[in-house]
Amino acid sequence: MRSATCPREGALGVSRVLPLAVNGELKVGRKNYPQTLPLADHEVVLTFDDGPASRTTARVLDALRRECVQATFFLIGRNALLHPDLVRREVAEGHTVAHHSWSHPAATLRGLPTAAAVAEITRGMQAVDAAGWGGELSGRVPHVPFFRFPGFADTEPLLAFLASRHIAVFGADLWASDWLPMSPASELQLVLRRLEQSRGGILLLHDTRAQTAATLPDLLRELRLRGFRVVHLTSPLAAP
């Protein structure tokens, strides 16, 4: 579907924008939680974790821009400070820039004391806000109040902490398993098979993975050919 603002005929485009207001606790993604986003049949929300990365994120952004598609990026704070140009490009190109902790600790946030895990979350949010918008964290709520736990390793105290700050927690409805070594062609077939089975949903990929950057142009083309529609998720709190 080509939107009015997309210059390329035949591009996938965005079928609709879904503003996600957060007031209290919100957890979405059926791989992890009982509910997901209010998506119709064959609607997909594209999400990317762990970036930005110097060798791959720009390739992912190039593919999305060619197809006039926006995605949600869950950034690691220290990577955001290392590559603020890529964070600012994500913001400038209309993507939703969200949060994935400061360092993606190997022990996961579940393996840290609660106070240390809260500090890891908050530091990551501060870094992303500084890289993307050049400002400090406004009060207790980040610029985009969306968070995904590294390894989906949540805890009840951390969920309560995020809920108290009206920060939505994202799981996923399906994923690309792109943390595993595989060829771009194998990843494409795996994702398409899972999409056909789930008939859409929140899709998790990683913009740090070379195989994902390589397969993304083909994936976006196949989404269009198979009748999938991209939904762009935004936060009503976020400003340009």
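Since we're looking at a predicted model, the values are computed, not measured.
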**Q** Indicate yes or no: at least one non-hydrogen side-chain atom of Phe147 is less than 4.5 angstrom from one of Asp154.
**A** no
**Q** Is the shortest distance from a Lys or Arg side-chain nitrogen in Glu187 or Arg209 to a carboxylate oxygen in the other one below 4.0 Å?
**A** no
**Q** Taking all non-hydrogen atoms of both residues into account, name the closest pair between Ser177 and Leu190 and its distance.
**A**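 Of all heavy-atom pairs spanning Ser177 and Leu190, the closest is CB-CD2, 4.0 Å.
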**Q** Do Leu75 and Pro52 make a side-chain contact, defined as non-hydrogen atoms from C-beta onward lying under 4.5 Å apart?
**A**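 Yes. Closest side-chain heavy atoms under 4.5 Å.
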**Q** Can you list the steps and then say if Asp85 with Arg88 is a salt bridge (Lys or Arg N to Asp or Glu O under 4.0 Å)?
**A** CA-CA 5 Å; Asp85 55 325; Arg88 289 192 295 268; 5.7 Å; no
**Q** Val169 versus Leu159: any side-chain heavy-atom pair under 4.5 Å?
**A** yes
**Q** Is Glu25 paired with Lys27 through a side-chain N to carboxylate O contact shorter than 4.0 Å?
**A**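 Salt bridge flag = yes for Glu25 with Lys27.
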**Q** Between Arg224 (side chain) and Gly10 (backbone), is there a donor-acceptor pair under 3.5 Å?
**A** yes
**Q** Looking at Asp50, is its backbone amide N or carbonyl O close enough to the side chain of Thr208 to form a donor-acceptor pair, meaning the two atoms are under 3.5 Å apart?
**A** no
**Q** Salt-bridged, Asp62 to Arg65, with N to O below 4.0 Å?
**A**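 Between Arg65 and Asp62 there is a salt bridge, with a charged N closer than 4.0 Å to a carboxylate O.
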**Q** Determine whether a donor-acceptor pair (N or O, by modelled atom type, separation under 3.5 Å) exists between the side chain of Thr57 and the backbone of Ala53.
**A** yes
**Q** Donor-acceptor check, side chain of Glu43 to backbone of Ala40, threshold 3.5 angstrom: yes or no?
**A**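 Flag set: sc Glu43 to bb Ala40 pair under 3.5 Å.
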**Q** Find the distance between CD1 (Ile202) and OG1 (Thr72) and round it off to the nearest 0.5 Å.
**A** 9.0 Å
**Q** Once you measure the plane-to-plane angle for His95 and Phe73, does it fall in the parallel (<30°), tilted (30-60°) or perpendicular (>60°) bin?
**A** perpendicular
**Q** Any heavy-atom pair between the side chains of His104 and Glu120 that's under 4.5 Å?
**A** no
**Q** Around atom CZ of Arg66, are there more than 12 heavy atoms from other residues, nucleotides or ligands closer than 6.0 Å?
**A**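 No.
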**Q** Let me confirm one number: the OG1-CZ distance from Thr212 to Phe48, rounded to the nearest 0.5 Å.
**A** 7.5 Å
**Q** With no hydrogens and no angle check, is any side-chain donor or acceptor of Thr215 less than 3.5 Å from a backbone partner on Gln211?
**A** no
**Q** Contact between Thr56 and His206 at the side-chain level, heavy atoms closer than 4.5 Å - yes or no?
**A**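 Heavy-atom side-chain distance check fails, nothing below 4.5 Å.
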**Q** Check whether any side-chain N or O of His232 sits under 3.5 Å from a backbone N or O of Gly94 as a donor-acceptor pair, and report yes or no.
**A** yes
**Q** Do the side chain of Thr36 and the main chain of Arg30 share a donor and acceptor less than 3.5 angstrom apart?
**A**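 Absent.
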**Q** Under 3.5 Å, is there a donor-acceptor pair between the side chain of Arg229 and the main chain of Asp41?
**A**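 Side chain of Arg229 to backbone of Asp41: a pair is present.
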**Q** Do Leu37 and Leu20 have side chains that approach each other closer than 4.5 Å (heavy atoms only, starting at C-beta)?
**A** yes
**Q** Evaluate the side-chain proximity of Leu12 to Phe228: yes if any heavy-atom separation is below 4.5 Å, no if none is.
**A** no
**Q** Would a distance-only check, ignoring hydrogens and angles, find a side-chain to backbone donor-acceptor pair under 3.5 Å from His166 to Gly24?
**A** yes
**Q** When rounded to the nearest 0.5 angstrom, what is the spacing between CD1 in Ile121 and CZ in Arg165?
**A**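 Rounded to the nearest 0.5 Å, the CD1-CZ separation comes to 10.0 Å.
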**Q** Where the side chain of Asp173 meets the backbone of Gly201, is there a donor-acceptor pair that is under 3.5 Å apart?
**A**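 Not a single qualifying donor-acceptor pair exists.
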**Q** Both conditions, 6.0 Å and 45 degrees, for the charged tip of Arg148 above the ring of Phe74: are they met here?
**A**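 Yes; both conditions hold, so Arg148 lies above the ring face of Phe74.
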**Q** Answer yes or no: is there a side-chain heavy-atom contact under 4.5 Å between Leu64 and Leu216?
**A** yes
